[in-house]
Structures are given as C-alpha cells and as structure tokens.
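Report on the structure given below.
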Amino acid sequence: MGGHHEPFKIPNYSIYSNYRDFPQLAQHEKRLAQIGLKDPWIRNYVYLYDRKYPHVVGQWAHFKKLILPGWKAGVAFTAALILVEEAYQYKKHGTTSWDAHH
C-alpha cells in the first residue's frame, strides 16, 4: 500500500544543540552549573525562544507579518475595482451609486 518509501533518516542530536545561541537558555544553563546541576534536555526548549515561531513573536506581530506585505496591493486593487464599477454605472445609467438617493 502506498508504494516503496525510503526509510526515515533520524538526524543527529547535535544539530539541536544551538541552545547557547539563546540568552535565556544559556543563562539557565549557567545558573544550573553554579549549583552543580546539568539539564540534559535543555535543547528541547529551543523552540520556546526561537523568534521564527509565531508563538514566540506574538500574535500581533505575526498578524502584521501575514497581512502587511499585500496591504498596498489590496488597497490599490480595491480602489481600481470601485473606480471601474462606478465608471460603468455612470456610463450605463448616467449616475453613480454615490449620488443616488435610496
């Protein structure tokens, strides 16, 4: 079922040892070392401090990152669409929806 699949390659654990790049985790390791302790699972908490994840950046910043790149194009497209609709309305009926009384 599903054909032949290559076996999964398990990455080496050392590629996740970048926790020293995050000041909070490096400080945590230092505090533990001062009292003679070691946290062998500290690398598992990197995702909590990595700024590329939306939950670390914050909801508002993530929202801006999603919305703002297309904002100018969206406003320009909307204005052009309204202009085309109003021009068509004026050409066909001699009036626009802006000056029509309901």
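Nothing here was measured: the structure is a model prediction, and the numbers come from that model.
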Please table the atom pairs, donor to acceptor, closer than 3.5 Å between any side-chain atom in residues 20-43 and protein atoms at least two apart or in another chain.
residue, atom, partner, partner atom, Å
Glu29, OE2, Tyr19, OH, 2.7
Asp39, OD1, Trp41, N, 3.1
Arg43, NH1, Pro40, O, 3.4

> Mind checking what makes ring pair (Phe, Tyr, Trp, His ring centres under 6.0 Å) contact with Tyr90, not counting sequence neighbours?
Replying inline: none
Please report, to 0.1 Å, the donor-acceptor pairs under 3.5 Å made by any side chain of residues 67-87, with sequence neighbours excluded.
residue, atom, partner, partner atom, Å
Thr78, OG1, Gly74, O, 2.8
Glu86, OE1, Ser97, N, 3.1
Glu86, OE1, Ser97, OG, 3.3
Glu86, OE2, Ser97, OG, 2.6

